[in-house]
Number of protein chains: 2
Amino acid sequence: MSTNQIFIVDDDDAIRDALGWLFRSRGHVARLWSSAEALIAGGEIGRCGCLLLDIRMDGMSGLELFEWLREKGHDVPVIFLTGHGDVPMAVAALKKGAFDFVEKPFNDNELVDRALAALDIHHQRSSRQAAAREVDERLAHLTSRELEVMERVLAGQMNKVIAMDLGVTMRTVEVHRARIFEKMGVRSAVELAQLLTARTPKPQ
Amino acid sequence: MSTNQIFIVDDDDAIRDALGWLFRSRGHVARLWSSAEALIAGGEIGRCGCLLLDIRMDGMSGLELFEWLREKGHDVPVIFLTGHGDVPMAVAALKKGAFDFVEKPFNDNELVDRALAALDIHHQRSSRQAAAREVDERLAHLTSRELEVMERVLAGQMNKVIAMDLGVTMRTVEVHRARIFEKMGVRSAVELAQLLTARTPKPQ
DNA sequence: TGCACCGTTGCGGAAATCCACAATGGCACG
DNA sequence: CGTGCCATTGTGGATTTCCGCAACGGTGCA
């Protein structure tokens, strides 16, 4: 994976450069952006493994960028940086899913540790997501009829029942079933169930 | 369920009573405790649906009580209340799994809303946990041999293979398999897979 | 019109599963 | 020693699944 880059967005040149220097001096890959708009325009958000985001910026704020990323489906771990943060703001940010919230001035070592932790969970997430995408990709190749059959297979229904249910022959169900397994890359209904049950979006 | 009680722990009599009045006047069930120790001694944590916890208290602090609950396996949603909270403290509490972090003085309506939200997710959690416990309970009744067979059934192995693998006859595997289904309350390997795949502890 | 894909079905056989009935041996507990 | 639980196996049959081979009709696109 090449998504272990640390993206830093801050409109204060001095802080931005200091952050860049901090991470680079320790062997990490850091990319710097002077505004949320610049980051978005860059179109390289996909390479981001962890995002350090100044909350207060001219133009689009850190919080707004965060919301924007969420809507776009990017769930990169975000660490907010703030000079004048208060408790309610921090709480709101974390409850919305921010990974961390750090006040300036920050402790160098601590910030690096947190960023690395963020990278870590990003890797965990992205591997899970890759698997989920893989499954979705395969699901997309199923015909609507196959989906109907699959649904019933997952409900534990026997081919006979499914056939009655759909008003077709057992043979037809068998064919669909075989194609489903083939397309989904599994070799039994059990594997299929595991694949799809694991894919379920996780709650809080 | 009778776990929609709001537990309030604060060593300041005035605040505690005010909180009790606040929730009760709106029709909610609130229980008051003047210290973490008293709450623990009461032995009624199981009835708790949501916990409002003052961070700074004589004796065991709110944070300590929170940790204690975590260790005991109680994961009631906790809302911390604090008079002199700072951002790092709030961030730490939330990252450890607190549900919310509110500064005093608080806005009555907002606090109630948050407590109700906490109750809500507690209900979601507890129904999930009940299901998980149910499954664990059933798993506990499986013999070690049955577990070995189940493991292989979930791996999608055919009875024939499992038999070879364990050095027994197919017939034996069939019997184990039947008992597994019976004990687990399912009627097919698919249902079993769903039961156990869903049970998996969810990550962040 | 020809090709590709989909849904459908039939035939027939191999393989696997499910099950009732029946039984043996080991082990632990009282 | 009896009772209960567990693992094990057998027989035999009903049911179900899995598959290759073959085919037909519809739809949509080039």
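Model, not experiment: these values are computed from the prediction. Note: hydrogens, waters and symmetry copies are ignored here, and every other heavy atom, side chains too, is used.
Here side-chain hydrogen bond (donor to acceptor under 3.5 Å, both in side chains) pairs that include residues 130-142 of chain B, with residues two or more places apart or in two chains, are B:Q129-B:R133, B:E134-B:R138. For residues 25-39 of chain B, the set of pairs meeting the side-chain hydrogen bond (donor to acceptor under 3.5 Å, both in side chains) definition, not counting sequence neighbours, comprises B:Q5-B:R31, B:R26-B:N109, B:R31-B:E44.
Salt bridge A:K104/A:D10: present, at least one basic N to carboxylate O contact under 4.0 Å. Ionic pairing of B:E174 and B:R171 is present here: one or more N-O contacts between side-chain nitrogen and carboxylate oxygen are shorter than 4.0 angstrom.
Among the atoms of the strands shown, only primed sugar atoms or phosphate atoms (P, OP1, OP2) are found under 4.0 Å from some heavy atom of A:T143.
Residue B:T169 has no polar side-chain atom (N or O) positioned under 4.0 Å from OP1 or OP2 of D:dT8. Within the 4.0 Å cut-off from OP1 or OP2 of D:dC6, not a single side-chain nitrogen or oxygen of B:R145 is found. Contact between the side-chain N/O atoms of B:H176 and the OP1/OP2 oxygens of D:dT8 is found at a separation under 4.0 Å. Distances shown here put every side-chain N or O of A:K160 at or beyond 4.0 Å from the OP1 or OP2 atom of D:dT15.
Of the candidates D:dT16, D:dT8, D:dT11, the closest approach to any side-chain atom of A:M158 belongs to D:dT16.
Mapped onto DNA chain D by nearest heavy atom, A:Q157 and A:V175 fall at different nucleotides, with A:Q157 at the one closer to the 5' end. Along DNA chain C, the nucleotide closest to A:K183 and the one closest to A:V173 are compared, and the more 5′ of them pairs with A:K183.
Look at CD on A:E191: it is 17 Å from P on D:dT17, rounded to the nearest Å. At whole-Å resolution of the value, CZ in B:R179 and P in D:dA7 are 8 Å apart. The nearest whole Å value for the distance from the CD atom in B:E174 to the C1' atom in D:dA14 is 13 Å. The separation between A:R177 atom CZ and D:dT17 atom C1' is 7 Å, rounded to whole Å. In this entry the distance linking CG of B:L142 with C1' of D:dC6 reads 13 Å, nearest Å. In this structure, the CG atom of A:L192 is 16 Å from the C1' atom of D:dC18, given to the nearest Å.
With hydrogens and angles ignored, a donor-acceptor pair closer than 3.5 Å exists between the side chain of A:R171 and the base of D:dG20.
By the 6.0 Å contact criterion, CZ on B:R56 is open, its count of non-hydrogen atoms from other residues, nucleotides or ligands being 12 or less. Taking a 6.0 Å sphere around CZ of A:R145, one finds it holds more than 12 heavy atoms contributed by other residues, nucleotides or ligands.
Along DNA chain C, read 5' to 3', the first and last nucleotides having any atom under 4.0 Å from a heavy atom of chain A are C:dC6 to C:dC11.
A:R114 pairs in a salt bridge (Lys or Arg N to Asp or Glu O under 4.0 Å) with only one of the listed residues (A:D120, A:D100, A:D108), which is A:D100.
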